[in-house]
Amino acid sequence: MFKKISLISAVAVAFAATSAFAAYPEKPISMVVPFAAGGPTDVVARNLSQALGAQLKGSVIVENAGGAGGTIGAGKVARAPGDGYTLLFHHIGMSTAPSLYRKLDFKPLEDFIPIGAVVDVPMTLIGKPQMTAGNAKDLVAYIKANKDKINLANAGIGSASHLCGLLLQSALKTDLTTVPFQGTGPAMTALLGGQVDLMCDQSTNTTGQIKGGKVKAYAVTSKAKLANFPELPPLATELPGFEVGVWHILYAPKNTPAAVVTQLQTALQAAIKDAGFVSKMKELGAEIMPADKQTSAGAKALLSSEIAKWSPIIQAAKAYAD
Ligand code: ASP
């Protein structure tokens, strides 16, 4: 008799557990973007959140937590419960922060479970409308001759714009004044208003401004020319070897149950194929990640190889933050 009851309750417990997972999500999911609203990471996240929500039959809400090059938002998710209701949508900054920050309150490879990589986005080097340099070659000469007058906007130490600026300054063997913002959305407003001079930023923020002739556009940071900007040379034409691609990964905090991670991974892979998402990314110059990187294992491999890649480059540039 006793045995019979415990068997029934074991079945009941197992059923309850299965139906709890089957019910996920039963409330809105917060997708933290560690930069201000209206910027390039935010734009991708907002499009992704729609497609992901549709796949999960729930709602995914973007929450902007900008500051300190993305480390504030990432730290916030590292400390969030691993229950599937707080996710992080971050970029290449996740791999550079450990080398840039002497004190970091999270460990990228230990505190998160990557769900999958989503897009790889080229950067563009742009200037305020009043910049007089007409092309990349003129700009390089202008920077060398006016280094004390020029400033470079970025989204804080650890951001992609900061990384691109570091590489630029080290290729030109010069130090420029940098002006940090909570994201390159607000930095773009300052650039359009002529308050800052130059900025590297993802094409997901600059495409409209470049095509509308609102900013001076000088170069792309990809190895080769891009279909979306046939008129722009790769920066490597002037500065050999210069290359930055801003890959983006969706993460869950560690301790997120494996069943939830699997469900999120399946939904993410389907969301990345969503026709609306694909066409928006194409329009903004973002490249969809190959299928093998849209997995938890593939994204983790990408993250660890990028941490290893950037560490010696950043050490050589002697760029640290406390
Ligand atoms: N483009 C930014 C960066 O430089 C961040 C953003 O606002 O999306 O990392």
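First listed ligand is number 1; within each ligand, the first listed atom is number 1.
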Partners of Asn255 by side chain to side chain donor-acceptor pair (under 3.5 Å), sequence neighbours excluded? none
Under 6.0 Å between ring centres, would you say that holds for Phe112 and His90?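 No, ring centres 6.0 Å or more apart.
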I need the contact residues for ligand 1: any residue with a non-hydrogen atom closer than 4.0 Å to the ligand, ordered by chain then number. Phe35, Pro40, Thr41, His91, Ala155, Ser159, Ala160, Ser161, Gly183, Thr184, Asp201, Gln202
Does a salt bridge link Glu231 with Lys225, judged by any charged N lying under 4.0 Å from a carboxylate O?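 Between Lys225 and Glu231 there is no salt bridge, as every charged N stays at least 4.0 Å from the carboxylate O atoms.
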Between Asp105 and Arg79, is the closest basic N to carboxylate O distance under 4.0 Å?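 Looking at Asp105 together with Arg79, the answer is yes, because their closest N to O distance falls below 4.0 Å.
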Positive for side chain to side chain contact (heavy atoms under 4.5 Å, CB included) with Met94, one of Leu303, Thr71, Ile307: Leu303
For the CD1 atom of Ile288 and the CG atom of Asp120, what is their distance to the nearest 0.5 Å? 10.5 Å
